[in-house]
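Have a look at the structure below before the remarks.
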Amino acid sequence: MISRPGQGRMKARKSMRYDYKKIEPKWQKVWEDGKVFRAVDGSDKPKFYGLVEFPYPSGAGMHVGHIKAYSSLEVVSRKRRMEGYNVLFPIGFDAYGLPTENYAIKTNTHPRIITDQNISKFTNQLKKVGFAFDWDRVIDTTEEDFYRWTQWIFLKLFDHGLVYRDKAWVNYCPSCKVVLSNEDSQGGKCDICHSDVIQKSKDVWYLKITEYADKLLEGLETVDYPENIKQQQINWIGKSTGAFVNFSIKGVDEKLEIYTTRPDTLFGVTFMVIAPEHPMIDKYADRIANMDAIEAYRKECAKKTEFERTQLVKDKTGVKIDGFTAVNPVNGKEIPVFIADYVMMGYGTGAIMAVPGHDQRDYDFAKEFGIDIIEVIKGGNMDECAYTGDGEMVNSDYLNGYTNKKDSIARMIEELEKQGIGRAGVQYKMKDWAFNRQRYWGEPIPIVHCPHCGDVGVPYEELPLKLPKVENFEPGQDGESPLAGIESFVNCSCPKCGRPAKRETDTMPQWAGSSWYYLRYIDPKNTESLCDRDKMNYWMPVDWYNGGMEHVTRHMIYSRFWHHFLYDIGVVNTAEPYAKRSAQGLILGPDGDKMSKSKGNVIDPLDIVEEYGADTLRTYVLFMGDYGAATPWNDRATKGCKRFLERVAGMTDMLTEDKASPAMETRFHQTIKKVSQDIENMKFNTAIAALMALVNDIYDAGAVNKEDFQTFIRLLCPFAPHLCEELWEMTGGEGLCSLASWPIYDEAKTVESTIEIGVQVNGKMRGTITIPRDCSKEEAIAAAMEIPTVKKSTDGKKIIKEIYVPNKIVNIVAK
RNA sequence: GCAGUCUUGGCGGAAUUGGCAUACGCGCUAGACUAAGGAUCUAGUCCGGGCUUACUGGGUGUGGGUUCAAGUCCCACAGACUGCACCA
């Protein structure tokens, strides 16, 4: 070890050397003026398309969470560029949305103005952190030349029969006055304002995403997503296989169709239940004797939010329909029909066959209403609860004796089809995508309602259908869109017949623009198509997409659906848009709670940039913990990262022309390997730890070869690029550090010639030996036996076994 | 209820995938430099015993198992988080 340079001198120099307030703006200007991070079209180089979820430009500005979300691919992209790739790392703004509109209403300012202000605020923040985005490709989903193509895709979907309009029970938010998709109303709460969602009958535009359910499932097998993300998408799509069965209704010429995953339990059916909204009730209202009671029950259900409906898991309620009964098609038995709110209109056919012996909900209901319970699968106790396990089929005629569920289901479906009373079928939990919103700040839906021709698409050449400028953005009465009040917009002529017609006044949901934005980055200024085909062939698919776990089901499934559709109609060149997906963990407040304005624990990234510098911020958000895990913010630890960067700057006092020692050379090669691999595996925390450890070793050595120092600078550059540019320039590096080559390691030089390994006796550590790498067992055992403590603990004992795992461990088993 | 992830010092977290548990950082303790330190540097820091040297016992949520060897694999239990949820 060499003694350290004089401390006083170091102190003075260091503060001068690491003047982040001077360094950071300097290099940001160099990068921007030189368009250093521009993606090049028509390059011969291999490409890398790194995508981060573009932000919603809220008035609050950025959050450290945004910084963490972008930092991963920022580092990967910078590394790729240094490795010689042509990199596309773009950013844009997903700017349509309710918060802006609500703020506009509150402040009586046009959402356009607010959006522009917020975008410039975000842009300023992003630039101050030094992200290597290609600023020539910024997109904004609310701009005409962008949403023109969002509308274009909608029209293509419409032309291909994937858009339909229906009166439906929808999730409706009385506070936002808007129809919500199931995705936007989870838990019965509005995703935007968190108030209770109610059920309302409305005109709804649907996109037939269910038609793509199987393709979305199959596509998952071709992409590199983490297992938990795949699983979430699989659960969301919720495919189940089973059968549709028709039950005839006594006295009327009507079949009641149900869906079941266990058709083999048909002999155990003792009643049926239909959803309160089931159309059959109104159809036969005149034959139902207790219509009053049924109406009363329906009213009660409508009052309940979906959340309340799903909360009452235990107590089953319902009303027996007094007017018709059903017939079990396999045994001719007459069974009662109930309405009950534990059956949902939105899944299957809105009607079920109830098998109380083998479904807990049906069991609870049967107990409540005193209905027979028949055992058809052996193994449970019908007096206690429903038996949902496997077992031998009983009381089931031709199914008796079957013990395998697969076989009995197959046999039953065969019978159903033979007798013409049912068929095999599949169901999805995922429902069609409710696509309209009664709001101003969104893409107008390009449809004209003609009294003669019906719903007609706006001609493609008339796109964009511009969002008109209005004075008043408040939703109209009964949740009508603000656009409904603008006569000049509403009244038009039918594109087909030319006669007077009216425009659709609803707008698209926020998910529309984000469903295809990644394509526009490839060719943001194109006026002829949404993206040039050659450019697409070069850049697509997105190589790596990072974002939040909260977008894994909604945004990602919607955009995969659109992309699959565009692929089917020949617009894009790949079936799947994203080859690889990763997700960052949350940054929690210093108190360990989720950051929120109301808790007052939000960290503003610009405060950190001001106090510690952008490089410290960037390094800390990646160093703070496992990238995928939620980690609390720690201001002290932030300071630790700054200390590290100061020590890096301080190394310029130790530069020498002397060659590094063999040991130090090994350390460098090890670090290059470690950092390179860790970045690929998103283990940024250990990559930074490895850099810190190397700095510690260099400080211990007291000197560092100048070229080695430049190697170090290049490794650190993706994390702390401003400082590294400065040190690169200071040490006479050619060009920009950001464009320098990524260091390459020599595998042979990553290993020491002699290594220290542990020695155990009976599995207990007794010491270590230093031996040549890959040395023989004899040599290692002999060295191990020389250790006094090993001698002592084996003394007088018989050595039964000597285990030597080369370069790992010696274990001596003695008795 | 179903599915998935997880539980390691005072704290955030490492552990090349079965081979020296606690790397790196924070904090803390002592010291140095200071007029001063919430700056910087040095040494120490899993818990306990020990002539504080040598050495030694215990230790990765709990209990068991496999193995020469378990934070890592298997079984059971407890707890935390995330997503879905009367999905027929």
Side-chain angles (χ1 to χ4, degrees), chain A residues 4-8 10-12 14-15 186-187 226-232 234-236 238 240 242 258-262 265 273 309-314 316 340-344 346-355 359-362 364-365 427-431 549-550 552-553 585-586 592 620 623-626 628-641 643-644 646 650 673-674 677 683 685-693 695-696 699 756-768 788-789 792 800-803 805 807-814:
Chain A
R4 288 159 217 284
Q7 311 304 343
M10 281 274 274
K11 178 189 160 191
K14 204 172 284 175
S15 54
Q186 289 175 45
E227 214 37 59
N228 60 329
I229 290 180
K230 278 191 188 178
Q231 200 55 50
Q232 265 192 48
I234 290 167
N235 289 346
W236 188 265
S240 80
I258 60 94
Y259 174 74
T260 177
T261 53
R262 290 301 300 267
T265 59
V273 183
R309 234 171 117 164
T310 58
Q311 277 307 90
L312 301 166
V313 180
K314 269 274 157 270
K316 293 283 177 290
D341 65 357
Y342 81 93
V343 173
M344 304 288 150
Y347 184 78
T349 61
I352 62 157
M353 63 178 217
V355 187
D359 181 292
Q360 193 56 43
R361 295 154 301 169
D362 297 345
D364 293 341
F365 193 88
Q427 275 294 303
Y428 303 94
K429 289 185 195 174
M430 183 171 71
K431 293 168 202 169
M549 281 307 289
E550 70 276 21
V552 159
T553 44
L586 288 177
Y620 177 60
F623 179 66
M624 62 194 296
D626 180 340
T631 311
W633 184 267
N634 181 339
D635 204 57
R636 293 277 201 173
T638 314
K639 200 174 283 180
C641 287
R643 227 173 263 167
F644 162 61
E646 281 167 352
K673 181 178 180 181
K674 174 90 178 140
Q677 291 180 347
K683 297 174 91 171
N685 54 338
T686 51
I688 295 166
L691 292 167
M692 288 173 167
V695 170
N696 292 345
Y699 266 77
E756 192 189 55
I757 64 170
V759 177
Q760 302 179 332
V761 176
N762 295 332
K764 277 206 185 307
M765 280 302 302
R766 289 294 174 219
T768 59
T789 51
K792 205 172 94 187
I800 298 169
K801 211 169 174 184
E802 289 163 336
I803 291 151
V805 181
N807 310 322
K808 295 247 163 113
I809 200 122
V810 170
N811 190 9
I812 291 161
V813 186

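Keep in mind that the numbers below use all heavy atoms, side chains included, and drop hydrogens, waters and symmetry copies. Lettering of chains follows the sequences in order, A, B, ..., and the numbering in each one begins at 1. For clarity, every value in this text was computed on a predicted model and none was experimentally measured.
Scanning for salt bridge (Lys or Arg N to Asp or Glu O under 4.0 Å) contacts around R766(A) gives an empty result, with sequence neighbours left out. For E227(A), the side-chain contact (heavy atoms from CB on, under 4.5 Å) partners at least two apart in sequence or on another chain are K230(A). For A637(A), the side-chain contact (heavy atoms from CB on, under 4.5 Å) partners two or more places apart in sequence, or in a different chain, are Y620(A), N634(A).
Distance check on atom C1': G83(B) versus C28(B) gives 40 Å, rounded to whole Å. Rounded to the nearest Å, the gap between the C1' atom of G12(B) and that of A23(B) is 13 Å. The C1' atoms of G63(B) and A70(B) are separated by 16 Å, rounded to the nearest whole Å. Of the P atoms belonging to A21(B) and A76(B), the separation is 29 Å, rounded to the nearest Å. U22(B) and A3(B) have their P atoms separated by 37 Å, given to the nearest Å. Across U72(B) and C6(B), the matching C1' atoms stand 14 Å from one another, rounded to whole Å. Nucleotides U52(B) and G58(B) place their P atoms 23 Å apart, quoted to the nearest Å.
Distance check, rounded to the nearest 0.5 Å: CD1 of I234(A) to CD1 of I229(A) gives 12.0 Å. One finds the CG atom of N235(A) at 11.0 Å from the CG atom of N228(A) (value rounded to the nearest 0.5 Å). Considering CG of N811(A) and NZ of K764(A), their distance stands at 11.5 Å, rounded to 0.5 Å.
Between A14(B), A88(B), G58(B), one nucleotide has an atom nearer to the side chain of D626(A) than all others, and that is A14(B). The side chain of Q231(A) lies closest to A3(B), out of A14(B), C68(B), A3(B).
Looking at heavy-atom distances under 4.0 Å, T789(A) makes contact with sugar-phosphate atoms alone, never a base. Residue contacts shown for K673(A) are absent, as no nucleic acid heavy atom lies under 4.0 Å away. Across all strands shown, A354(A) has no heavy atoms under 4.0 Å from either base or sugar-phosphate atoms. Among the protein residues, D362(A) comes within range of no part of the nucleic acid, since none of its heavy atoms lies under 4.0 Å from any strand.
For the OP1/OP2 pair of U56(B) and a distance below 4.0 Å, the side-chain nitrogens and oxygens of R766(A) include at least one atom meeting the criterion. In this structure, N228(A) does not reach the A3(B) phosphate: none of its side-chain N or O atoms is under 4.0 Å from OP1 or OP2. Side-chain nitrogen and oxygen atoms of R361(A) include at least one within less than 4.0 Å of the OP1 or OP2 phosphate oxygen of C87(B).
Base orientation of U34(B): anti, since the glycosidic angle falls outside 90° of 0. Taking 90° from 0 as the syn/anti boundary, the base of G49(B) is oriented anti.
Between I688(A) and T261(A), it is I688(A) whose nearest contact on RNA chain B lies nearer the 5' terminus.
Rounded to whole Å, atom C1' of C87(B) lies 16 Å from atom CZ of R262(A). The distance between atom CE of M549(A) and atom C1' of G4(B), rounded to the nearest whole Å, is 9 Å. For the pair I234(A) CD1 and G83(B) P, the computed distance is 18 Å after rounding to whole Å. Nucleotide U67(B) holds its P atom 10 Å from the NZ atom of K801(A), rounded to whole Å. Taking atom CG of D364(A) as the reference point, atom C1' of C86(B) lies 10 Å away to the nearest angstrom. One atom, NZ of K764(A), and another, P of A21(B), lie 10 Å apart when rounded to the nearest Å. If you take CG of N235(A) and C1' of U82(B), they are 12 Å apart, rounded to a whole angstrom. Here A85(B) presents its P atom at 18 Å from OH of Y428(A), a figure rounded to the nearest Å.
Between K683(A) and N685(A) there is a side-chain heavy-atom pair separated by less than 4.5 Å. Residues W236(A) and V552(A) fail the side-chain proximity criterion, which asks for heavy atoms closer than 4.5 Å.
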Produce the list of close N/O pairs, under 3.5 Å, pairing protein atoms with atoms of nucleotides 15-20 of chain B; give distances to one decimal.
unit_1: A15(B); atom_1: OP1; unit_2: K683(A); atom_2: NZ; d: 2.9
unit_1: C20(B); atom_1: N4; unit_2: E756(A); atom_2: O; d: 2.7
unit_1: C20(B); atom_1: N4; unit_2: E756(A); atom_2: OE1; d: 3.3

Restricting both atoms to N or O, compile the protein contacts to nucleotides 25-30 of chain B shorter than 3.5 Å, with distance only.
unit_1: G25(B); atom_1: OP1; unit_2: N696(A); atom_2: ND2; d: 3.2
unit_1: C26(B); atom_1: OP1; unit_2: R643(A); atom_2: NH1; d: 2.7
unit_1: G27(B); atom_1: OP1; unit_2: R636(A); atom_2: NH1; d: 3.1

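For G625(A) against T631(A), the heavy-atom pair with the smallest separation is CA-OG1, 4.3 Å. Minimum interatomic distance between V273(A) and A340(A) (heavy atoms only, all atoms of both residues): CG1-CB, 3.6 Å. The two residues T768(A) and E756(A) have their closest heavy-atom pair at OG1-OE2, 3.5 Å. Contact record, P632(A) with M624(A): O-CE, 3.5 Å, taken as the closest heavy-atom pair.
With F365(A) as the aromatic partner, K316(A) does not meet the cation-pi criteria of under 6.0 angstrom to the ring centre and within 45 degrees of the ring axis.
When the options Q760(A), E802(A), K801(A) are evaluated for a side chain to side chain contact (heavy atoms under 4.5 Å, CB included) with V813(A), the one that passes is K801(A).
In RNA chain B, consecutive stretches of 3 or more Watson-Crick or G-U wobble pairs with both distances under 3.5 Å are given as paired ranges: B:1-7 with B:78-84, B:10-12 with B:24-26, B:27-32 with B:40-45, B:46-49 with B:55-58, B:61-65 with B:73-77.
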